[in-house]
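Counting begins at 1 with the first residue of the sequence. All ligand and atom numbering here is 1-based and tracks the order in the structure.
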Amino acid sequence: MTTAAVLSTTSDATTSEAGAPPVLELEAVTLRRNGKELLGGVDLRVRQGEHWAVLGSNGAGKSTILSLCGAQNHPTSGTVRILGHQLGRIDVQTLRRMIGHVNPRHTAGASLTVEQVVLTGLTGSADLPRRWEPTPDEASRVHELLARVGMATRAGERWPTLSQGERGRTLIARALVGRPGLLLLDEPTTGLDLAAREQFLAAVDDVVAEDPTASTVLVTHHLEELPRTTSHAALVRGGVLVAAGPVDEVLTSELVSAAFDHPIQVGRLNGRWHATSA
Ligand SMILES: Nc1ncnc2c1ncn2[C@@H]1O[C@H](COP(=O)(O)OP(=O)(O)OP(=O)(O)O)[C@@H](O)[C@H]1O
């Protein structure tokens, strides 16, 4: 199947989802750095309530796309609209505060407790600013979120003593504390063991299930690392989307093989995906 054929199939699928307002729109986005074209014309629309997975091989451009979605980068050409605001026409710090970002490489202040790490989601910092105090509402939201991700009994634990899985769940609560309109997850299960990965994915499914207006974009290499709640997928290859649309139409053996340039058999069991060499 050619790239053009893939794109025409999936653009129909994407536009048929019309209804909920878009939270993220990339139109004809290109990005060049150091004379190299990293993105070669990306179109992507994420609507409220959708949960997208962005998949592709090493160096395909997934993190670059996510950096635009998180207002961490600007396109060379094309338009990026996040939560109704066009990049370049709004203060990026203001915009970044509207976006929740789960980055497993987040470095929290070493002396912070779990509860304080979640609070840093409100200050947008690694440490808590001196003399900063949460409002009673903010403090109760932190406890509500820690309960949701299964960390309520660990609120007083210090960050360095946490396991990778506990850190991951704490970082989801941190990303959600500011009630973001968009949640970005950047290879969030990297480095987690099997149990920690499963607990993390269950925590994502739980927070998503409780808020029908939540919208997420998750970047990963592995189909096994997709939450059950994934509703849409985009496949990236060489800085372009080779497929994008409802997850069952995109995560097929044919399209995934084309995106990874390798024969891959895709399967789904109990709502979760798996992939092996065909
Ligand atoms: N500032 C830059 N200057 C030049 N090339 C860059 C720059 N940033 C990224 N790249 C290149 O752009 C390409 C896409 O990078 P990106 O990190 O988006 O890929 P990825 O799909 O996330 O890869 P991985 O799965 O390995 O994390 C890579 O070839 C990378 O080396």
*Check step by step if side chain to side chain donor-acceptor pair (under 3.5 Å) holds for Thr120 and Ser125.*
CA-CA 6 Å; Thr120 63; Ser125 49; 5.8 Å; no
*Evaluate the criterion side chain to side chain donor-acceptor pair (under 3.5 Å) for residue pair His143 and Glu115; output intermediate values, then yes/no.*
CA-CA 8 Å; His143 287 280; Glu115 182 178 356; 3.2 Å; yes
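Trp159 and His106 have perpendicular rings, their planes meeting at more than 60° on a 0 to 90° scale where under 30° would count as parallel.
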Quick one: ligand 1 N/O to protein N/O pairs below 3.5 Å?
from	atom 1	to	atom 2	distance (Å)
ligand 1	3 (N)	Asn34	ND2	2.9
ligand 1	18 (O)	Ser63	N	3.4
ligand 1	18 (O)	Thr64	N	2.9
ligand 1	18 (O)	Thr64	OG1	2.5
ligand 1	19 (O)	Gly61	N	3.3
ligand 1	21 (O)	Ala60	N	3.1
ligand 1	21 (O)	Gly61	N	2.9
ligand 1	21 (O)	Lys62	N	2.9
ligand 1	21 (O)	Lys62	NZ	2.8
ligand 1	22 (O)	Ser63	N	2.9
ligand 1	22 (O)	Ser63	OG	2.8
ligand 1	23 (O)	Gly59	N	2.8
ligand 1	25 (O)	Asn58	ND2	3.4
ligand 1	25 (O)	Lys62	NZ	2.7
ligand 1	25 (O)	His221	NE2	2.5
ligand 1	26 (O)	Asn58	ND2	3.0
ligand 1	26 (O)	Gly59	N	3.3
ligand 1	29 (O)	Lys36	NZ	2.9

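Closest heavy-atom contact between Gly165 and Leu192: N-CD2, 3.9 Å.
Here Arg237 pairs with Val242, Asp261 under the side-chain contact (heavy atoms from CB on, under 4.5 Å) rule; sequence neighbours left out.
Taking 4.5 Å as the limit, every side-chain heavy atom of Ile65 sits out of range of all side-chain heavy atoms of Leu68.
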